Amino acid sequence: MFPVHRPRRLRDQPVLRALTRETRLTRDDLVQPLFVAAGAATPAEIRAMPGQRQWPVAQLAEEGRRIAESGVKAVLLFGIPQRKDEQGSGAWDDNGIVQQAARALKRAVPELLVITDLCLCEYTTHGHCGVIARDAAGAIRVRNDPTLELLARAAVSQARAGADVIAPSDMMDGRVAAIRRALDAAGFADTPILAYAAKYASAFYGPFREAAASAPQAGDRSGYQMDTGNAREALREMELDWEEGADILMVKPALPALDILRAARERFTAPLAAYQVSGEYSMLIAAAERGWLDRERAMWETLTAIKRAGADLIITYFAAEAARALP
Ligand code: PBG
């Protein structure tokens, strides 16, 4: 018998395929992460993330302009300080690396939206995302409430430096409320919070920890980041951040958590961000370098899948490359 239903009718020609395409990536969807290193004289290649660099503040303006010229309209800034300490005081230093970088970028490329990642792990000697203490058995525990005050201070310092959006990535309970309160009190009621709301303890952050020199010296992050097996908990984390005043909710990583992105899209009215993280980027590049994958096609497929699942914005190391290639 002949088939009655023939979806292939719409697939047969490019024009029909284009007319009926459901998901389209645009330059407006993309955010480029950007690493800034204190004390650096020249851009340093990040070994585990080919094509990505740590930038000196002095060359940030140039790189910011290149990104803006690609059509990408927003960056997510990460600072790598020269000195770290137990508390991570570099995070709230008004002359700290991320503050200098935000000022430099806003001065040179004012139209580029600057989102600052807010966490302590790049700034602490131990590499954890909060204040640590040892428990009776000698294991490192990250203390929630004392961390909130430090995050709030760092958020205000970032806003003062010109950050357009503050993006807390620490996963402490109650941090969005604490940061919102501190920003409001300091006169930054109009500065939005992009919360890393559903952030899993993922192996795919591996290359980033080289890029940001932020690997925990002992222990891991499973005491504060989420367990891969949990989906309802992710929705609860997102709900809490939304109630506490987050303006945009993020799911991270992206491909390994597409189901969460889809569930969140159905459940929340909030704008949703997805972070295609360092390991997601590096594994595609590594396979492409071996000739096992087509780099461009794999890039488009993953970015489109992330958008199809429900992301309004995508933070990706491919941002500038994708923007340049978009029609
Ligand atoms: C800081 C932070 C991390 C990432 C973003 N912010 C690392 C981590 O939580 O260990 C990961 C980004 C990436 O892998 O691209 N807490």
Side-chain angles (χ1 to χ4, degrees), residues 30-36 46-54 75-81 84 88 90-91 97-98 115-124 126-132 140 142 144 147 150-151 154-155 158 163 165-172 175-176 179 193-228 237 241 248-257 273-286 302-303 306 313-320:
L30 303 169
V31 178
Q32 175 72 46
L34 197 50
F35 299 101
V36 191
I46 301 164
R47 208 181 36 90
M49 302 176 71
Q52 305 297 314
R53 298 190 181 106
Q54 297 173 337
V75 294
L76 174 61
L77 265 187
F78 294 95
I80 303 133
K84 305 181 186 231
I97 180 62
V98 112
I115 308 170
T116 44
D117 180 88
L118 171 60
C119 198
L120 300 180
C121 59
E122 294 102 329
Y123 300 91
T124 52
H126 46 75
H128 281 286
C129 303
V131 176
I132 60 165
I140 286 180
V142 171
N144 195 84
T147 304
L150 305 184
L151 291 168
Q158 292 181 347
V165 178
I166 309 291
S169 66
D170 53 282
M171 288 299 280
M172 297 302 123
R175 80 277 165 72
V176 172
I179 291 164
I193 296 175
L194 190 177
Y196 287 67
K199 177 173 177 180
Y200 286 92
S202 169
F204 290 99
Y205 310 154
F208 173 92
R209 291 177 189 171
E210 181 203 318
S214 65
Q217 296 306 298
D220 60 27
R221 302 208 201 288
S222 39
Y224 38 106
Q225 299 179 352
M226 286 186 11
D227 190 308
T228 299
E237 284 283 4
D241 282 5
I248 304 174
L249 300 176
M250 190 202 292
V251 174
K252 176 183 173 204
L255 281 199
Y275 196 149
Q276 183 178 45
V277 299
S278 55
E280 296 181 74
Y281 170 81
S282 298
M283 71 178 171
L284 297 186
I285 304 293
T302 54
L303 294 175
I306 293 165
L313 53 132
I314 305 174
I315 301 164
T316 170
Y317 299 94
F318 286 119

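This structure is a prediction, so every number in the text was calculated from the model and none was measured. Each ligand, and each atom within it, is numbered from 1 in the order the structure gives.
Scanning the protein for heavy atoms near atom 9 (O) of ligand 1, the closest one is Lys199 NZ, 2.6 Å. At the shortest separation from atom 14 (O) of ligand 1 among protein heavy atoms lies Ser278 OG, 2.7 Å. Atom 15 (O) of ligand 1 has its closest protein heavy atom at Tyr317 OH, 2.6 Å. Nearest protein heavy-atom contact of atom 12 (C) of ligand 1 is Phe208 CD1, 3.4 Å. Scanning all protein heavy atoms for the shortest distance to atom 10 (O) of ligand 1 gives Arg209 NH2, 2.6 Å.
When heavy-atom distances to ligand 1 are checked against a 4.0 Å cut-off, Asp117 comes that close only through its side chain, counted from C-beta outward. In Ser169, the parts holding a heavy atom less than 4.0 Å from any atom of ligand 1 are both the side chain and the backbone. Counting heavy atoms closer than 4.0 Å to ligand 1, residue Arg221 contributes side-chain atoms (C-beta onward) but none from N, CA, C or O.
Counting the atoms of ligand 1 from 1 in the order shown, those under 4.0 Å from a heavy atom of Tyr196 are 5 (C), 6 (N). Of all atoms in ligand 1, listed by their number and element, those nearer than 4.0 Å to a heavy atom of Cys121 are 1 (C), 16 (N). Residue Cys119 approaches ligand 1 through these ligand atoms, each under 4.0 Å from one of its heavy atoms: 16 (N).
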Take Arg175 and Asp241 through the test side-chain contact (heavy atoms from CB on, under 4.5 Å) and record every step on the way to the result. CA-CA 8 Å; Arg175 80 277 165 72; Asp241 282 5; 2.9 Å; yes

Stepwise side-chain contact (heavy atoms from CB on, under 4.5 Å) check, Phe208 with Tyr317: CA-CA 11 Å; Phe208 173 92; Tyr317 299 94; 3.7 Å; yes

Verdict with reasoning, Leu120 to Leu151, per side-chain contact (heavy atoms from CB on, under 4.5 Å): CA-CA 8 Å; Leu120 300 180; Leu151 291 168; 4.2 Å; yes

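A donor and an acceptor atom, one from each side chain of Glu280 and Thr302, are nowhere located under 3.5 Å apart.
Contact analysis puts Tyr275 in contact with ligand 1, with a non-hydrogen atom separation below 4.0 angstrom.
Ring to ring, Tyr200 and Tyr205 are not that close: their centroids are 6.0 angstrom or more apart.
Between the Lys199 side chain and the Ser169 main chain, a donor and an acceptor come within less than 3.5 Å of each other.
For atom 11 (C) of ligand 1, the choice among Lys252, Met171, Glu210 with the nearest heavy atom turns out to be Lys252.
If you take CD on Gln32 and CD1 on Ile315, they are separated by 11.0 Å, rounding to the nearest 0.5 Å.
Across all their heavy atoms, Cys119 and Asp170 have their closest contact at SG-CA, 3.8 Å. Scanning both residues, Pro216 and Arg221, for their nearest heavy atoms gives CG-NH1, 3.6 Å.
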